[in-house]
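Notes follow once the structure below has been shown.
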Amino acid sequence: RVPAGSRDRAAQVRAGRCVLAGQNQILNPKDGQRLSVSRPRRSVLFVPGNKARMLEKARTLPADAVILDLEDGVPPGEKAAARAMVRQALESGSYGPQVILRINAPSTGLAEADLREAFAGGVAAVCLPKAETPDDVEQLASLLASLEREQGLAVGTVGILLMVETARGVLNAYELAMAGAEQGGPRVQALCLGGEDLAWDLGAVRTKQGAEIAQARAQMVLAARAAGSVAIDTVYTDLADLEGLQAEARQARELGCSGKLLIHPAQIEPVHQAFAPSEEEVAHARRVLEAFEEAGTRGAGVIALVGQMIDAPVVARAREVLRLASST
Ligand code: COA
Ligand code: MG
């Protein structure tokens, strides 16, 4: 029997207990089983918590998720007002997109009051910025557990998204993604890259090509996937350049990210397109599955399709492409 410890995912995989997860699927790090994810998070839009108009507008936007923000989208003098505005927005009607609440960083001393004052029903997950140590995550997880008990929710109901946006955060990304599981099951649902903060912390120059954050992006994907969660790419700050945004989103998808952080409603549609498989991908996936099924009837495991090898992971990816294509 494979022990169900949190570090045993590799053993689970070897024991065949772990399903191959698609890009949007989250695995339970305890037993490697797929968690039910109600919906994908391709587009995750920041909405400043101090902007009434935007909080209102966000209710009906076609984003998969919105992050009602108390951190860097809100100036220091407006933090308290923003908490009240976010709570009121949550209590005064439902949101079409899934709602995520971003609190302030652990080091600010604001995080606990943010949660106590702004959290309300309808929040699916809390986003923790500048996460650096597993302890940051454990503390948030235990705060969430007590909030959940107070509100009569099952412990573990509210997920955690972590912003990976400091050098330490990148180096600890796997430990961060694995943390918080003791209290109410796997909490961390995604790692999100914060490219602007990271470039600042690295002393790097932030460029459009993004070479300065490329390693961190790849490391975030590795850490998130090893921990059974998903990776969400950084914001694209040039609001006028929707083509550039879409190209960056495609690249993020190719690297294994399941979505992208956004800052403006106009960015939603291009990003949805970028995360949808292209027509060529879908056509290729169909051919792969047909060839594979045909080979199965002949008892062959590895086959070639017009000169390309097809084996189990190729087939799994083809199935995932068709699943994505039919769900988007
Ligand atoms: N969420 C919800 N609605 C938004 C929005 C957002 N992030 N950004 C813009 N909108 C709304 C505007 O309110 C406006 O709605 P209206 O015409 O019905 O009044 C509409 O979308 C068009 O907005 P536009 O005029 O093009 O932009 P703007 O000048 O009002 O705002 C920004 C531009 C960059 C200030 C704004 O998009 C923003 O604050 N984005 C979030 C930035 C952020 O959170 N940064 C921190 C995390 S990285
Ligand atoms: Mg940030």
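Start at 1 and go down the list; that is how both ligands and their atoms are numbered. These numbers come from the heavy atoms of this one structure, side chains and all, not from hydrogens, waters or symmetry mates.
In Glu91, the CD atom is crowded: over 12 heavy atoms of neighbouring residues, nucleotides or ligands sit closer than 6.0 Å. The 12-atom threshold is not exceeded at CD of Gln308, counting heavy atoms of other residues, nucleotides or ligands nearer than 6.0 Å. The environment of CD in Gln88 is sparse: at most 12 heavy-atom neighbours from other residues, nucleotides or ligands sit within 6.0 Å. By the neighbour-count criterion of 12 heavy atoms within 6.0 Å, atom CD of Glu150 is densely surrounded, having more than that number from other residues, nucleotides or ligands.
Of the possible donor and acceptor atoms, one in the side chain of Arg225 sits under 3.5 Å from a partner among the backbone N and O of Ser229. With hydrogens and angles disregarded, a donor-acceptor distance shorter than 3.5 Å links the side chain of Arg87 to the backbone of Arg116. In terms of modelled atom types and a separation under 3.5 Å, the side chain of Asn172 and the main chain of Pro134 share no donor-acceptor contact.
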Begin from the C-alpha positions of Glu294 and Arg298 and carry the test salt bridge (charged side-chain N to carboxylate O under 4.0 Å, His left out) through to its verdict. CA-CA 7 Å; Glu294 195 268 329; Arg298 290 187 280 110; 3.2 Å; yes
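Any protein N/O/S atom under 2.8 Å from the Mg ion (ligand 2) was counted, giving 2 altogether.
Closest approach of Pro106 to Pro129, counting heavy atoms only: CD-O, 3.5 Å.
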Please tabulate, line by line, the atom pairs linking an N/O of ligand 1 to a protein N/O at a distance below 3.5 Å, with the distance in Å to 0.1, or answer 'none'.
residue: ligand 1; atom: 7 (N); partner: Phe46; partner atom: O; Å: 2.7
residue: ligand 1; atom: 7 (N); partner: Ile263; partner atom: O; Å: 3.0
residue: ligand 1; atom: 18 (O); partner: Arg53; partner atom: NE; Å: 3.4
residue: ligand 1; atom: 18 (O); partner: Arg53; partner atom: NH2; Å: 2.4
residue: ligand 1; atom: 18 (O); partner: Lys57; partner atom: NZ; Å: 2.9
residue: ligand 1; atom: 19 (O); partner: Arg53; partner atom: NE; Å: 2.6
residue: ligand 1; atom: 19 (O); partner: Arg53; partner atom: NH2; Å: 3.3
residue: ligand 1; atom: 23 (O); partner: His264; partner atom: NE2; Å: 3.3
residue: ligand 1; atom: 26 (O); partner: His264; partner atom: NE2; Å: 2.7
residue: ligand 1; atom: 27 (O); partner: His264; partner atom: NE2; Å: 3.4
residue: ligand 1; atom: 37 (O); partner: Ile263; partner atom: O; Å: 3.2
residue: ligand 1; atom: 40 (N); partner: Ile263; partner atom: O; Å: 2.8

